[in-house]
Undergrad: 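Below: one structure in C-alpha cells.
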Amino acid sequence: MLTLYNSLTKKEEEFHPQTDTVGFYFCGPTVYWTQHIGNMRAFFVMDSIRRVIKFNGYKINHVMNITDVGHMTSDEDEGDDKIELTAKKENKSPEEVANYYWDLCYKDIKKLNIETPEHIVKATSVIDEIIEFIKTLIKNGFAYETQKGVYYDISKFKDYGQLGGMNLNDKLAGARIAVDDFKRNPLDFTLWVKAAENHIMKWQSPWGLGYPGWHIECSAIGRKFLGNNIDIHGGGVEHKTVHHENEIAQNFGVCGTQVVKYWVHLEHLMMDGKKMSKSLKNIESVSSIIEKGYSPLSLRYLYLTAHYSKQQNFTFESLASCETALQKIWNATVENKNGKDLVDESQIKTICKNFENAVNSNLNFPLALSYVWELLKIKNKSKQIYNALLFFDNALGLDLKNAELHLSENKCLIPADITELALKRWQAKDEKNWALADKYRKEIDDKGFTILDKKSGYDILKK
RNA sequence: GGUACCAUAGCCAAGCGGUAAGGCAAAGGUCUGCAAAACCUUCAUUCCCCAGUUCAAAUCUGGGUGGUACCUCCA
C-alpha cells in the first residue's frame, strides 16, 4: 500500500487513484537560464513519484509544463517577463531562448535517467485553452477585467490560503496595499495581461492583445490533458504558497471542486548548508559535475540518499561517496548477473518486501537503499540477486541493467599516455624491477588514475 | 514582521514513544614484491541546548539557539 504525504491535508495518506491510470501533473521549468542541480532534484522527485506509481502496477498519464511565457520577475506579477528579459539580453527571440534552455534541460534530465512524461507542454502551445479557461472563470463570476488585464477575484473562493497555511487577515494586515488601484483585492492575481506596445509575446484575446499570467497555464494544461481529476500534483515548496494556491482557486472557479487529490512538495537542495544562488556563486549543474569527473548517475544516487520532503545538503564529499557507492553497486550487479550460486529464496523475498515497504512509505528511498546493501551483503553470487536488483531499479533508476556498460565507460576514458605507462609498469613488474614499476605507478597515480592488478593482467581506473 | 520546514558520528543520511538503519571516510586484519581493489573486523551509552510529560523520549510538550524557504519589506 502506497502512502503519500499530502501537503493539503498535512497528513500521510493512503494513495487511492480515481482509475487504474494515475493522473500526475508536475510543475516544470521556466526556461530562461540553465537549470542547476537543485532544479534537477525536482525532476528527480518527479521521476521517483512516476516510478513508484508504476512500481505499484498503475498506468500513468504524466504531464509536465514548460513555462515559456508569463513568469514575471516578481510573484506579484509585476516587473518583466523572465523569458523576454533574457531574450532582450541575449538578442534572441523569446522562442529561441525557450528552445535553447529547454534543450539543455532535457539533455540533463536524460543523463539522470529520468523518464520522459507522456505530455510535455509549453505554455505558448495552449493559449487557446488558457483563453477558454479565463472566459469560463469570468462567466462563473470568479474573474473580472480591468484596464491592465483580467484578474482572479480571491474573495469568491472561501478556501483561499488553505494549502500554504496562510491566514489572509494576517497577510493583508502586513501587506502594503494599493499595488493596483483597479484590483478589487490586493491578493487578486493576474490571469491575462494586456500587453504594452513594446512587449514581444502577445496574442489576440477577448480582452485585446496580451499574454497569460503565470498561474493559469498549469490549470489550463492540467485540465486539457488530465481533466477534472488529477490524482497527484507535485512541485517545489517555493510554489506552495502562491502558485499552487492560485491553481486551486482557478480550478475551483471552473470545476467547483478540488481537482487535485494529493499535493506533493519537495524541499530544496542546499550547497554546503546555504541555498544555491547566483550571487553566492555556488551553483552547480549536471554539466559542471560531469566536468569535475563525476558520473551523472552518482548525482541521482545522491538524491536517493535523502528524503524528498527534507532539505538535502550537497557537498562534494558526499557526491564522491555516492560515486564510490554506485560503482560498487554496478560491480555487484555484474557479479551477480554472472553468478552461479544458489541463494535461499525466502531471504531474498524478505529483503524485497522490506524494499517495497520503504519505497511505498511516502517514497523513503534512503531506507530502501539500505535494503539494496543488505542484498549485496549476501556472499553467494546469484542470478536471483541480479533479478531482485533489476526489480529494485524500476524504482531507483540507477540503470543497473546497463551496469557493465557504465563500468566499461570508465575504462574507455583512459588516455593513451596512461595505457602506455601502465604497460611499461607491467613489463618492469614482470622483470621484478619493483623500483621502476613503482615509479610508473606513481606517475599514473599523479595523473589521476589507479592501477588495479588482477590475477592475470590489470585494469586502469579513473580516480 | 508573518508562516512553514529542519537540527542525529569527519561527510551524506534513515528512524518520529520501547532503548541509534545504510553509504562514504577512517583504523586493524587477510591478500599482495609493496600497493590498489576485494573480503573480514572496529567505528554515536547517544541524537543542538534547557526544562517538562512518561515505566520508557532522538522521537511528545514548553522555552532557547542555529539553518533554510515562502509571503511582506527592501534592493
Side-chain angles (χ1 to χ4, degrees), chain A residues 5 7 10 12 38 73-76 79 161 163-177 179 186-187 235-245 265-277 279 298 301-329 331-332 335 354-355 358 361-377 379 381 422 425 428-442 444-445 449-455 458-461 463:
Chain A
Y5 181 84
S7 304
K10 304 195 194 329
E12 196 169 317
T73 48
S74 139
D75 275 328
E76 284 299 294
L163 180 67
M166 270 188 296
N167 180 326
L168 283 195
N169 291 330
D170 282 357
K171 202 175 164 180
L172 288 180
R176 205 58 86 68
I177 305 182
V179 180
L187 290 180
V237 266
E238 77 277 16
H239 291 145
K240 198 164 147 184
T241 344
V242 175
H243 182 57
H244 291 161
E245 202 71 71
H265 290 98
L266 66 113
E267 274 289 350
H268 289 305
L269 184 73
M270 313 306 292
M271 181 60 80
D272 288 320
K274 299 273 171 236
K275 74 165 173 177
M276 257 181 258
S277 73
S279 58
S298 301
Y301 184 92
L302 180 137
Y303 292 143
L304 285 165
T305 63
H307 196 262
Y308 76 85
S309 67
K310 284 191 178 178
Q311 286 171 349
Q312 176 173 24
N313 195 31
F314 178 94
T315 64
F316 275 103
E317 197 177 347
S318 64
L319 215 216
S321 84
C322 292
E323 178 90 16
T324 308
L326 181 58
Q327 294 287 328
K328 284 187 181 179
I329 291 176
N331 260 318
E335 275 176 25
N354 287 336
F355 179 92
S361 167
N362 194 25
L363 278 64
N364 193 339
F365 280 105
L367 218 211
L369 278 181
S370 72
Y371 296 115
V372 172
W373 291 102
E374 193 180 325
L375 190 69
L376 298 185
K377 278 230 173 70
K379 285 203 181 73
K381 299 301 162 212
R425 185 195 83 105
K429 193 166 132 57
D430 248 4
E431 293 157 12
K432 299 202 188 302
N433 187 345
W434 309 128
L436 187 63
D438 288 352
K439 180 180 155 279
Y440 286 131
R441 186 168 63 196
K442 175 80 169 55
I444 291 165
D445 193 72
F449 295 86
T450 310
I451 295 287
L452 213 164
D453 285 351
K454 304 204 292 194
K455 274 177 199 156
Y458 56 90
D459 280 340
I460 310 169
L461 295 177
K463 279 203 289 193

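Proteins come first, then strands; the chains are lettered A, B, ... in the order of their sequence lines, and each starts at number 1.
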Undergrad: Taking atom P in both B/G22 and B/U41, compute the distance separating them and give it to the nearest angstrom.
TA: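 The answer is 12 Å between these two P atoms.
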
Undergrad: Not counting sequence neighbours, which residues clear side chain to side chain contact (heavy atoms under 4.5 Å, CB included) with A/Asn354? List them please.
TA: A/Thr350, A/Tyr371

Undergrad: Would you say B/C39 has OP1 or OP2 under 4.0 Å from some side-chain N or O of A/Lys377?
TA: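 Checking B/C39 against A/Lys377, no side-chain N or O comes under 4.0 Å of OP1 or OP2.
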
Undergrad: Hey, which sits more toward the 5' end of RNA chain B by its nearest nucleotide, A/Asp438 or A/Met276?
TA: A/Asp438

Undergrad: Mind checking what makes ring pair (Phe, Tyr, Trp, His ring centres under 6.0 Å) contact with A/His243, not counting sequence neighbours?
TA: A/Trp214, A/His215, A/His239

Undergrad: Using the C1' atom as the point on both nucleotides, what is the distance between B/A57 and B/G17, in whole Å?
TA: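 Looking at atom C1' only, B/G17 and B/A57 are 6 Å apart.
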
Undergrad: Quick one: list whatever passes side chain to side chain contact (heavy atoms under 4.5 Å, CB included) with A/Leu376, sequence neighbours left out.
TA: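 If we apply the side chain to side chain contact (heavy atoms under 4.5 Å, CB included) test to A/Leu376, skipping adjacent residues, the hits are A/Ile329, A/Ala332, A/Asn336, A/Val372, A/Trp373, A/Leu389.
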
Undergrad: Starting the side chain at C-beta, find the nucleotide from B/G23, B/U68, B/C71 nearest to A/Val242.
TA: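 Per side-chain heavy atoms of A/Val242, the pick is B/C71.
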
Undergrad: Just name whichever nucleotide pairs with B/G52, Watson-Crick or G-U, keeping both distances under 3.5 Å, else none.
TA: B/C60

Undergrad: Using Watson-Crick or G-U wobble geometry with both distances under 3.5 Å, which nucleotide pairs with B/A20?
TA: none

Undergrad: Assign A/Lys240 to base, sugar-phosphate, or nothing according to its heavy-atom contacts below 4.0 angstrom with the strands shown.
TA: nothing

Undergrad: Assess whether a salt bridge exists between A/Asp445 and A/Lys442, defined as any Lys/Arg side-chain N lying under 4.0 Å from an Asp/Glu carboxylate O.
TA: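 Salt bridge flag = no for A/Lys442 with A/Asp445.
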
Undergrad: Determine the contact category for A/Lys442: base if any of its heavy atoms lies under 4.0 Å from a base atom, sugar-phosphate if only primed atoms, P, OP1 or OP2 are that close, otherwise nothing.
TA: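 The answer is nothing, as A/Lys442 stays clear of every strand by at least 4.0 Å.
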
Undergrad: Please measure how far the C1' atom in B/G62 lies from the corresponding atom in B/C74, and state the result in whole Å.
TA: 35 Å

Undergrad: Base, backbone or nothing for each nucleotide of nucleotides 5-18 of chain B, written B, S, -, heavy atoms under 4.0 angstrom, 5' to 3'?
TA: S-S--BSSSSSB--

Undergrad: Is any side-chain nitrogen or oxygen of A/Lys429 closer than 4.0 Å to OP1 or OP2 of B/G33?
TA: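 For B/G33, neither OP1 nor OP2 has a side-chain N or O of A/Lys429 closer than 4.0 Å.
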
Undergrad: Taking ring pair (Phe, Tyr, Trp, His ring centres under 6.0 Å) as the test, write out the residues that go with A/Phe314, two or more places apart.
TA: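 Per chain and number, A/Phe314 pairs via ring pair (Phe, Tyr, Trp, His ring centres under 6.0 Å) with A/Phe316.
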
Undergrad: Under a 3.5 Å cut-off for both distances, is B/C70 Watson-Crick or wobble paired, and to whom?
TA: B/G2

Undergrad: What pairs with A/Phe355 under ring pair (Phe, Tyr, Trp, His ring centres under 6.0 Å), at least two apart in sequence or on another chain?
TA: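 Testing A/Phe355 for ring pair (Phe, Tyr, Trp, His ring centres under 6.0 Å), a comparison that skips the adjacent residues, returns A/Phe392.
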
Undergrad: Using the P atom as the point on both nucleotides, what is the distance between B/C49 and B/A4, in whole Å?
TA: 25 Å

Undergrad: B/C34, OP1 or OP2 - any side-chain N/O from A/Lys439 closer than 4.0 Å?
TA: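 The answer is no; no side-chain N or O of A/Lys439 sits under 4.0 Å from OP1 or OP2.
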
Undergrad: Determine the interatomic distance between P on B/G10 and the same-named atom on B/C47; round to the nearest Å.
TA: 13 Å

Undergrad: Searching all strands shown, indicate the nucleotide that pairs with B/U65 (Watson-Crick or G-U wobble; both distances under 3.5 Å).
TA: B/A7

Undergrad: Remember a base hit wins even if backbone is also touched, and classify A/Lys432 as base, sugar-phosphate or nothing at under 4.0 Å, heavy atoms.
TA: nothing

